Structures are given as C-alpha cells and as structure tokens.
Amino acid sequence: MRAAAVAVIILAVAILHFTPSATPYSPHNPGPSGLSKLAQTCSVSEQADVIIITPGAEVPELNITASRAPVVDPYANAGDPHIIIANARGTPVYAINATPLMGSGQPLIWTSPASYSNGSWGPFTLALAVRKGGKITYIYHAALFANAVFEKNSRLVEEICKRPISIVLTQGDLAHYYHQLERQAAAWAAPIALATISLYLLSKRRK
C-alpha cells in the first residue's frame, strides 16, 4: 500500500516536471503569452530594481498596479488591435494583451493616443521609473516581453537584462508553482551538496 502511494507521488512529480505552465506571463510558460524566453535570457531574482508586472498584480511599496482591462489600438498595431505598437521614448516596441500601469512615476513606454482601455482613450503607461528614498525602480508591463513579441523587442530585452529582474504574478497554475519550487530548490542544491561532501570527507579523515 505504501509502495503504491510512493509510486503515485513519484509519477505525479514526474508529470509536473515535464508539464509547462499555461499561466499567462509565467516564466515557465513557453507559449506565445509566456515569459520563458525572458527568464532564460535574464537573471531572475526575488529582489531586483527591474520589476516585470502582470495584469492585476501590484508593487504595493511603490503604489503601482497593473490594470486587468486590456488596451486595444485600432491603428498602432501589428495586424491585431491587441498586439499594440508602443513608444519607448522614440523607439517602437510591441506588447500583446497589455493593460495600463497605474501609479506615479516617470513614463518610459506609453501607448498611442488612439489606444483604448475600459472606456478611456490613451496614451497609457506600460513602463515607468519610480524614485523612492534615493533609489530608482524600473517597472515594466509583462506584455512587452511575452514570447510572441520577444524578438521584436530585442533591444529592450538587452537593456533590462543588464541587471537582475523580478517577475510579479497574481496567481499561477499548479505547474507554475511546481517549477517555481524547483527553481528555488536548485539554488540550494549546490551549497547542500558541498556541505554534505565536506562533512563526509571530514568524517573520513577522523577515522
């Protein structure tokens, strides 16, 4: 009975290990709306000066929130009103299913005046710099780095990946949380293995 339960657990873990997340903007989602390419390119950290925020998520210490209302643009788009072309201080960048960032800060990327969201006309902010206590935090909407537009925004990716990034989601599916735990465990694997080997060698010397 116990062996059967263990076998079921092992099988479930194996299935989760090989199952990608379907959560939009998850770093473990390899689909068009995922951020797997960004996570493979940048250094991802829980503490970072560059924050990638997803719809409905917030950065409470800076009073920044990403709306859940999508932005559409009938003119400045890549053939689909939901794949908008935004302005990164003179450079065009693409965003898929973006939502406005709400809060105070210096706008870095914004949509066109023809864009529309939740009964209001743009422009809407998709990235901003927030200064607090002498520190500047850069906040970007995850729609700018989705796999579907990743290559189109390569210059922007190169710029933000110069420093560690943090990705803020509101919620994820089971596969997302499993892969998050797997990533966190991997960070401890090497120190634990080193400590175990050191203790083993020390005990051998004493014998």
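This structure is a prediction, so every number in the text was calculated from the model and none was measured.
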Compare all side-chain heavy atoms of [X] with those of [Y] and state whether any distance is below 4.5 angstrom.
X      : Y     : value
Thr99  : Pro55 : yes
Ile160 : Leu38 : yes
Ser33  : Ile96 : no
Ile83  : Asn77 : no

Which heavy atom of [X] sits nearest to which heavy atom of [Y], and what is that distance?
X      : Y      : result
Val93  : Asn153 : CA-OD1, 3.4 Å
Phe145 : Leu35  : O-CD2, 3.3 Å
Pro164 : Val50  : O-CB, 3.8 Å
Val149 : Ala143 : CG2-O, 3.6 Å
His141 : Ile52  : C-CG2, 4.4 Å
Thr54  : Ala66  : O-CB, 3.3 Å

>> Show me the pairs that pass ring pair (Phe, Tyr, Trp, His ring centres under 6.0 Å) and involve residues 63-104, at least two apart or across chains.
In response: none

> Sequence neighbours excluded, which residues qualify as salt bridge (charged side-chain N to carboxylate O under 4.0 Å, His left out) partners of Glu158?
Replying inline: none

In the single-linkage hydrophobic clustering (I, L, V, M, F, W, Y; side-chain heavy atoms under 4.5 Å), do [X] and [Y] co-cluster?
X      : Y      : value
Leu108 : Ile165 : yes
Val44  : Leu169 : yes
Leu144 : Ile167 : yes
Val168 : Leu101 : yes

Listing, residues 121-140 side-chain donor-acceptor contacts under 3.5 Å, not counting sequence neighbours, or none:
residue : atom : partner : partner atom : Å
Lys132  : NZ   : Glu61   : O            : 2.7
Lys135  : NZ   : Asp49   : OD1          : 3.3

>> Under the criterion side-chain contact (heavy atoms from CB on, under 4.5 Å), I'd like the reasoning laid out for Asn29 against Thr23: C-alpha separation, chi angles, the key distance, then a yes or no.
In response: CA-CA 7 Å; Asn29 179 351; Thr23 301; 5.5 Å; no

> When rounded to the nearest 0.5 angstrom, what is the spacing between NE2 in His28 and OG in Ser36?
Replying inline: 10.0 Å

> Nearest 0.5 Å, what's the CD-CZ distance between Gln106 and Arg89?
Replying inline: 6.5 Å

>> Among Ser117, Ser115, Ser112, exactly one meets side chain to side chain donor-acceptor pair (under 3.5 Å) together with Asp73. Which residue is that?
In response: Ser112

>> One pair to check against side-chain contact (heavy atoms from CB on, under 4.5 Å): Tyr25 and Asn147. What are the steps and the verdict?
In response: CA-CA 9 Å; Tyr25 305 119; Asn147 293 332; over 6 Å; no

>> Does Asn63, at its CG atom, have more than 12 non-hydrogen atoms belonging to other residues, nucleotides or ligands within less than 6.0 Å?
In response: no

